[in-house]
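Here is the naming used below: chain letters follow the sequence lines, and residue numbers restart at 1 for every chain. Every heavy atom of this structure was used, including side-chain atoms; hydrogens, water molecules and symmetry mates were not. Values in this document were obtained by computation on a predicted structure and should not be read as measured data.
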Amino acid sequence: MSKSTMDEFNLRIYSILDALPTGETISYGELAKQSGFKGYARQVGQLLKQLPKDSALPWFRVINSKNEISFPIDSDAYLRQKEHLEKEGWRVVGKKVKPS
DNA sequence: AGTATGGCGACGA
DNA sequence: ATCGTCGCCATAC
């Protein structure tokens with residue numbers, strides 16, 4: 001993947017994520033697919049992990065295809081994501097993100 | 001150049 | 001529901 005292609009990829013991911021409605025979630029793979037880069041789920045993860053902690057983008061609305069938070073249960077990141085999701089009406093049991 | 005490591009995903013057992 | 005195994009692809013050594 002060339003550098004310019006990557007820039008394009010990043011922009012699309014940001015754009016889609018920015019437009020993702022409150023109360024909704026999306027998977028890494030789905031994001032990748034919608035951006036036109038099917039199979040780039042891991043790259044989505046890589047991109048999101050470099051976002052500043054106070055980013056305006058709803059990074060926490062991105063979970064894996066099994067509807068789980070992709071962080072170790074005891075990590076800080078896990079907790080932060082859980083808080084956010086619950087604040088938007090989800091119930092988080094372990095790693096599972098369930099509708100309330 | 002080869003290997004390990006991820007905020008992943010699909011499928012089979 | 002859970003655990004392996006593979007496939008996937010950029011990054012870091």
Side-chain angles (χ1 to χ4, degrees):
Chain A
M1 199 183 211
S2 72
K3 188 198 179 290
S4 55
T5 307
M6 272 192 48
D7 292 338
E8 182 60 22
F9 171 76
N10 295 350
L11 288 177
R12 293 195 192 174
I13 296 299
Y14 289 148
S15 160
I16 296 173
L17 193 51
D18 185 58
L20 189 65
T22 302
E24 278 190 33
T25 61
I26 189 172
S27 73
Y28 298 87
E30 187 54 29
L31 245 185
K33 183 179 169 189
Q34 285 188 28
S35 72
F37 291 81
K38 187 162 45 125
Y40 283 67
R42 303 196 90 141
Q43 274 50 233
V44 171
Q46 274 189 162
L47 179 59
L48 296 191
K49 83 176 170 189
Q50 60 163 52
L51 287 175
K53 200 176 46 184
D54 60 348
S55 171
L57 290 166
W59 55 271
F60 51 85
R61 301 211 261 253
V62 185
I63 58 185
N64 67 34
S65 67
K66 295 176 305 210
N67 259 237
E68 300 173 336
I69 290 180
S70 291
F71 285 117
I73 209 82
D74 49 36
S75 68
D76 257 43
Y78 165 82
L79 287 174
R80 295 212 319 287
Q81 183 161 20
K82 174 181 162 115
E83 302 296 304
H84 275 111
L85 289 176
E86 292 181 330
K87 191 158 39 178
E88 295 196 347
W90 298 93
R91 252 178 348 112
V92 180
V93 184
K95 297 182 119 185
K96 276 297 188 194
V97 178
K98 313 186 170 187
S100 56

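- Without hydrogens or angle criteria, A:Arg12 side chain to A:Gly36 main chain gives no donor-acceptor distance under 3.5 Å.
- A:Tyr40 has no side-chain polar atom (N or O) that falls below the 4.0 Å cut-off from OP1 or OP2 of C:dC8.
- Taking the side chain of A:Lys49 as heavy atoms from C-beta on, and the options C:dA10, B:dG9, B:dG7, the nearest nucleotide is B:dG7.
- Environment of CG in A:Asp76: sparse, with no more than 12 heavy atoms of neighbouring residues, nucleotides or ligands closer than 6.0 Å.
- Distance, A:Leu79 CG to B:dG7 C1': 14 Å, rounded to whole Å.
- Comparing atom distances between the A:Gln46 side chain and each of B:dC8, C:dT11, B:dG7 picks out C:dT11 as nearest.
- When the P atom of B:dA10 is taken as reference, atom CD of A:Glu68 falls 13 Å away, rounded to whole Å.
- With rounding to whole Å, A:Arg42 atom CZ is found 15 Å from C:dC6 atom P.
- Within 6.0 Å of NZ on A:Lys38 lie no more than 12 heavy atoms contributed by other residues, nucleotides or ligands.
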Intra- and inter-strand pairs of DNA chain B in dot-bracket (Watson-Crick or G-U wobble, both distances under 3.5 Å; | for another strand): .|||||.||||||

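- Residue A:Val62 has its side chain nearest to B:dG7 when only B:dG7, B:dC8, B:dG9 are considered.
- With rounding to whole Å, A:Leu47 atom CG is found 13 Å from B:dC8 atom P.
- Side-chain N/O atoms of A:Ser27 include one lying less than 4.0 angstrom from OP1 or OP2 on B:dG9.
- Considering only side-chain atoms of A:Phe71, the nucleotide from B:dG7, C:dC8, C:dA10 that sits closest is B:dG7.
- Between the P atom of B:dC8 and the CD1 atom of A:Ile13 lies a distance of 14 Å, rounded to the nearest Å.
- Taking atom C1' on both B:dA1 and C:dC13, the two are 12 Å apart, rounded to the nearest angstrom.
- Counting heavy atoms of neighbouring residues, nucleotides and ligands inside a 6.0 Å radius, atom NZ of A:Lys33 does not exceed 12 of them.
- Cluster annotation: A:Ile73 and A:Ile69 are assigned to the same hydrophobic cluster (Ile/Leu/Val/Met/Phe/Trp/Tyr, side-chain heavy-atom contacts under 4.5 Å, transitive).
- A:Gln34 has its CD atom 13 Å from the P atom of B:dG9, to the nearest Å.
- One hydrophobic cluster holds both A:Leu51 and A:Val44 under the rule that ILVMFWY side chains link at heavy-atom gaps under 4.5 Å.
- With C1' as the reference atom, C:dC8 and B:dT5 are 13 Å apart, rounded to whole Å.
- To the nearest angstrom, P of B:dG7 lies 16 Å from CD1 of A:Ile73.
- The CG atom of A:Asn64 sits 14 Å away from the P atom of C:dC3 (whole-angstrom rounding).
- Look at A:Lys87 and A:Glu83 and you find no salt bridge, because none of the NZ, NE, NH1 or NH2 atoms lies under 4.0 Å from a carboxylate O.
- Look at A:Ser70 and you'll find a side-chain N or O under 4.0 angstrom from OP1 or OP2 of B:dC8.
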